[in-house]
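Just below is one structure, and these are the notes that go with it.
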Number of protein chains: 2
Amino acid sequence: MACSVQLVARPKDPAVRTLLIERAAAMLRAREPITLRSLVAGTGVSTMAVYTHFEGMDGLWQALRQEGFTRLGTRLTTVPVSDDPVRDLAALAAAYLDNALTHPDLYRVMFDASVDLEDLPAADATLEHLVQAARRGRDAGRFRADVVPLELAIQSWTIGHGLVSLVATGPLPRETLDHGPFMLRALFTACGDDPDRCRASVEQGWHRPAPDDERSRPA
Amino acid sequence: MACSVQLVARPKDPAVRTLLIERAAAMLRAREPITLRSLVAGTGVSTMAVYTHFEGMDGLWQALRQEGFTRLGTRLTTVPVSDDPVRDLAALAAAYLDNALTHPDLYRVMFDASVDLEDLPAADATLEHLVQAARRGRDAGRFRADVVPLELAIQSWTIGHGLVSLVATGPLPRETLDHGPFMLRALFTACGDDPDRCRASVEQGWHRPAPDDERSRPA
DNA sequence: GCGCTGAACATAGCAGCGTTATGGCATGTA
DNA sequence: TACATGCCATAACGCTGCTATGTTCAGCGC
């Protein structure tokens, strides 16, 4: 009895889901408080749509977190892979910071609440970009052979996230981000990279981030 | 007419203020949601007390943030000043992490909301501990003469905050904190410290944090 | 083509939230 | 002692997320 699940019902419209997420992201950008009623106001859909598609507001926030990770992931994908892995690693960090500062509210949503287990794959996918660059750096001989790519990636992420959260939602001014290259150089040279080559690579990667993939959307 | 402000009224009881803050901190630790009514329930005071003392819930959260910075400050004060500034700097970082992980919810409150300008002095006081240690490290010749203590302090803070927030409220496991010594060493040696001395100093400072000043309070 | 099933959606109402208006009452001055 | 002041308790308001109830409509068996 290979009876597949029988769908004899009205299918839920996927357009409604994306509509709500995009509207929520827009309200986030506009710094408007996102409430159930204000979210659906003007969209023509009713409050119940949030429950059929997200099972409540918590589910909406989680979907918003995933959307944030997705956008961050596509942003990191635009960073070109060059023949200089250290430069690429710096460029990834710069892109990370740029993305977080362009969408500070979305970034806060991503890391505010205790991350659900549902979000871990998305976060891992983000981290994977850094891991690959770190591995290429090691295989190219820039880092010592005993450098674990995952660990270097985590350390780079720590610097990026520390800077961003102290600046975007924290007490430090924006100039604090200028410490980024120095800290990355300190980390990379501690992993074995030559100081002069490292300085040049980080300089290049830091100041030439890929353009933002901002999905501009007319009101 | 040196007419001072005339106080002819019932003075507000400062005990009520501290009672509410302590109760809020306790509820935070117990992971109970803090609502106006649940906060005053059982205390004998009414909801209006929150408004006379804090001008509403926002003021209570702000007071809670300040309380968090105060506790962090006294915690950092317990870190002894030794003749090894690099060791002290590592010990301060370790104490910072320890404090944040023993009171993760309070830590989140401190950095969750966009920091009010009211909170800046408290954050600066925290940072000042690190600045002093960094300055002593430079004056003792461990760091290069061109190292700016404030900048090194900010960089150390970035590492500590990055680690803590990725672990406490973020997606990374607790073992991630073990990267702390390596990252601090990378930073300090990049500032001119001798690698071997640095390794020894960081090792000592990291693994001997001062005891927690937890104000244990019977229920 | 027709009726049935069941999920998607709309509406109305609920408990709970933070806030505010009102009034009694304790307190320090004259 | 009489008064002015502002803390505190009570009750109500608008708003929140959520749920119970009814309606609509896509897809399948006949």
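No hydrogens, no waters, no symmetry mates; every other heavy atom, side chains included, goes into these values.
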Tabulate below the donor-acceptor pairs under 3.5 Å that side-chain atoms of residues 172-186 of chain A make, not counting sequence neighbours, or state none.
unit_1 : atom_1 : unit_2 : atom_2 : d
A/T176 : OG1    : A/P173 : O      : 2.7
A/H179 : ND1    : B/Q155 : NE2    : 2.9

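Each of C/dC9, D/dC18, C/dT19 was ranked by its minimum atom distance to the side chain of B/M57; first place goes to C/dT19.
Side-chain nitrogen and oxygen atoms of B/H53 include at least one within less than 4.0 Å of the OP1 or OP2 phosphate oxygen of D/dC8.
In this structure, the side chain to side chain contact (heavy atoms under 4.5 Å, CB included) partners of A/R135, at least two apart in sequence or on a different chain, are A/V131, A/Q132, A/R138, A/D139, A/P149. Every side-chain hydrogen bond (donor to acceptor under 3.5 Å, both in side chains) that B/S82 has, sequence neighbours left out, goes to B/D88. For the side chain to side chain contact (heavy atoms under 4.5 Å, CB included) test, residues two or more places apart in sequence or in another chain that qualify with A/S201 are A/D84, A/V86, A/R87, A/R142. A search for side-chain hydrogen bond (donor to acceptor under 3.5 Å, both in side chains) contacts involving A/T47 returns nothing, not counting sequence neighbours. By the side-chain hydrogen bond (donor to acceptor under 3.5 Å, both in side chains) test, A/Y107 pairs with A/Y96, A/H161, sequence neighbours left out. Partners of B/S46 under the side chain to side chain contact (heavy atoms under 4.5 Å, CB included) rule, at least two apart in sequence or in another chain, are B/M48.
Counting any heavy atom pair closer than 4.0 Å across all strands shown, A/I34 reaches sugar-phosphate atoms only and no base atom. Across all strands, A/S46 comes closer than 4.0 Å to base atoms (heavy-atom distances). B/M48 comes within 4.0 angstrom of a nucleotide base, judged by non-hydrogen atoms across all strands.
Taking five base pairs at each end of the helix from C/dG1-D/dC30 to C/dA30-D/dT1, the local helix axes there meet at an angle of 0°, rounded to 10°.
Ring planes of B/F111 and B/F69: perpendicular class, angle over 60° (limits at 30 and 60°).
In this structure, the side chains of A/P171 and B/M110 stay at 4.5 Å or more apart for every pair of heavy atoms.
Atom pair A/Y51:OH and D/dA20:P shows a separation of 12 Å (rounding to whole Å applied). Remark: C1' of C/dT20 and CD of B/E55 are 14 Å apart, rounded to the nearest angstrom. For the pair B/W61 CH2 and C/dC17 P, the computed distance is 13 Å after rounding to whole Å.
Residues from residues 36-45 of chain A with heavy atoms under 4.0 angstrom of DNA chain D, sorted by number: A/L36, A/R37.
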